[in-house]
Amino acid sequence: MAEFETPGQLVAAARRTREAGFKKFDAYTPYPIHELDAAMDLHDNRVSACTFIGGLLGCIGGFGLCSWVSAVALPLNIAGRPMISAPMFIPITFECTILLGGLTAAISMILMNGLPSPYHPVFNVDRFAGAARSKFFLCIESEDPQFNHAETAGFLESLGPEEIAEVPR
Amino acid sequence: MSQPVELPDKIHVGPVIDEGHSLASVSDKVGGIVLKRKITIGWVFGLLLSFAVLQNLAAGATWLIIKGVGVWGINIPVGWGFAIINFVWWIGIGHAGTLISAILLLLNQSWRNAINRFAEAMTLFAVMCAGMFPVLHTGRPWLAYWLFPYPNTMDLWPQFRSPLLWDVFAVSTYFTISAVFWFVGLLPDLATLRDTAKTKATQMIYGALAMGWRNSARHWQRYEKASLLLAGLATPLVVSVHTVVSFDFAVSIIPGWHTTIFPPYFVAGAIYSGFAMVLTLMIPVRKFYGLDDIITLRHLNNMAKVTLATALIVAYGYTMEAFFGYFSADTYEQHMIWNRMTGTYAIFYWCLILCNIITPQFLWSKKIRTSPGILWIISIIVNIGMWLERFVIVVTSLHHDFLPSSWANYWPTIWDWAVYTGTLGLFMTLIFLFVRVLPMITIFELRMLLPGARVKEPVAQ
């Protein structure tokens, strides 16, 4: 794990790490850095896809609930007006769409990020607390097929970090 | 979202964050309020006072449950009274929080970053207070779950064509989504608190809440996507909530309520009162916690501008109401507007015009927009004005309806006031607790505003 002082150095280092062929590595930053998405080739759109499905289910479910209750479960004939009076069902359909869409967006983000995760080895490095404050970290994991203890340490050194630490398991 | 674009200072009143702050200093400053700052006498006094006022709610609700809704001033024809006035007032206040957090996020307004957390907390607390009223107004709050559609032995279902049921769905969705959005925004900051906390207990509590967030770039990418989606969903939601609230009125046929201008006019009024409440709360907080370098005069100036803009929309709404009342050629509508201006409650109407249309005109002056003291007084006047607006809408339309034989006046009783002041106590109690246990400013978004946060890649060696 290498520590950097500025976001610029980290982005450059992350790009070089990816270009060197590493797959299992991650950057840790105190705030989202959009340049990293390109540097690390991050393009996970599953959260958007899940949200769309959630919203769609909410939409169908909301309209279905109104229609089923009004036409099947408790039909009330009021002067022969239609049982499924669509315009009157729109507000609830809309609210259900937002409710399920929003909940899936948040829950899918949390689950796809592997949270809650009570333990992660990166926290074993004392200085890592800086990632939640003002420092920038890059970590190459030993599970990467290219990982070799000495060579990877040399590679990290070549990125010009402030500090290098080994992450105990 | 791209990195915030800094506009030249000539256009604005100062920067969004004062110079001299670094990544570490903003974290320590905002986190320090929670972790390091000693509990002050002022805070204890404020909390105890709010908590004492909260007891009014306990007393008011208890007496109401024992005796029934007759202890309130409501009658027939004025069946709505304080319960609905205060419900609409509180819900409206909540709207500024979602506007700041969602709509301004989509519009990439970087000045929102310093105030969105606080405004969202205000939203949640205001919606909690709002929720009390319809539930108590049912008279049998223990049966409030009947409002939800669920299979039951009575074989009954809610009426999905009723705006009152739409309200149940709109308000509960609004609360849920606001809470989720708020928690998602809190995640990285809870991790910051966890990693800077010194005692075992605080580390455990914030650690559990942060769920193991570790600031990973792969996580941030999904996180940003989810925030953007939530903002995109919350934006139409906030507009829909007050629209549905206005449907409670507009779908009925009561003179003065049955108008198509209600939805936009209610939404503007909601944002108006919400921004006023944000100013009422933020100006003292910024002073007492020494945050004027993070919540700068530029923030106050911008919020004052939004307040002025929505005040003008609301003024247009009042004018149109009066004009259509006259122009409708409908006896009942004409009587309603004439009675509103000259009848029993005329004093309320003219005070409302004074508070909501005349007072905000001072905000045209940049000097006033950047003087916290005067701005604070104006914001309180606007809050009172918006409460009067709801009083006028609810009471003047109901107390004189179609048949003179059914006319009656409405005056609140001591129990109305007990419940109302009690919710103010609840709101303030929650605000006092919030500023001490959670970071009241979004730390990670503040970091993004700093000049040092911009990515400048070194030239490859």
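Keep in mind that this is a model prediction, so the values were computed, not measured.
Within the 4.5 angstrom heavy-atom criterion, only side-chain atoms of B/Ser27, from C-beta onward, approach chain A. Looking at B/Pro149, the atoms closer than 4.5 Å to chain A (heavy atoms on both sides) all sit in the side chain, from C-beta outward. The part of B/Thr176 that comes within reach of chain A is its side chain, from C-beta onward, which places non-hydrogen atoms under 4.5 angstrom from that chain. Only the side chain of A/Phe128 comes within contact range of chain B, judged by heavy atoms closer than 4.5 Å. Residue contact with chain A, scored on non-hydrogen atoms closer than 4.5 Å, involves the backbone and the side chain of B/Leu237 alike. For B/Ala191, the part lying under 4.5 angstrom from a heavy atom of chain A is the backbone only. Within the 4.5 angstrom heavy-atom criterion, no atom of A/Phe137 approaches chain B. Neither the backbone nor the side chain of B/Pro163 comes within contact range of chain A; no heavy atoms are under 4.5 Å apart.
With B/Thr173 contributing its side chain and A/Leu99 its backbone, the two residues share no donor-acceptor pair below 3.5 Å. Put simply, the side chain of B/Trp220 gets close to the backbone of A/Thr29: a donor and an acceptor are under 3.5 Å apart. Proximity of a side-chain donor or acceptor of A/Arg46 to a complementary backbone N or O of B/Arg222 within less than 3.5 Å is not detected.
Atoms OH and CG, on A/Tyr31 and B/Leu446 in that order, are 12.5 Å from each other to the nearest 0.5 Å. Interatomic distance, OH of B/Tyr223 versus CE of A/Met109, reported as 6.0 Å (0.5 Å rounding). With rounding to the nearest 0.5 Å, the separation of CE in A/Met88 from CZ in B/Phe247 is 9.5 Å. With values rounded to the nearest 0.5 angstrom, A/Leu42 atom CG is found 11.0 Å from B/His219 atom NE2. Within the model, atoms CG of B/Leu233 and OG1 of A/Thr51 stand 7.0 Å from one another, a figure rounded to the nearest 0.5 Å.
B/Arg218 forms a cation-pi arrangement with A/Phe25, by the criterion of a distance under 6.0 Å to the ring centre and an angle within 45° of the ring axis.
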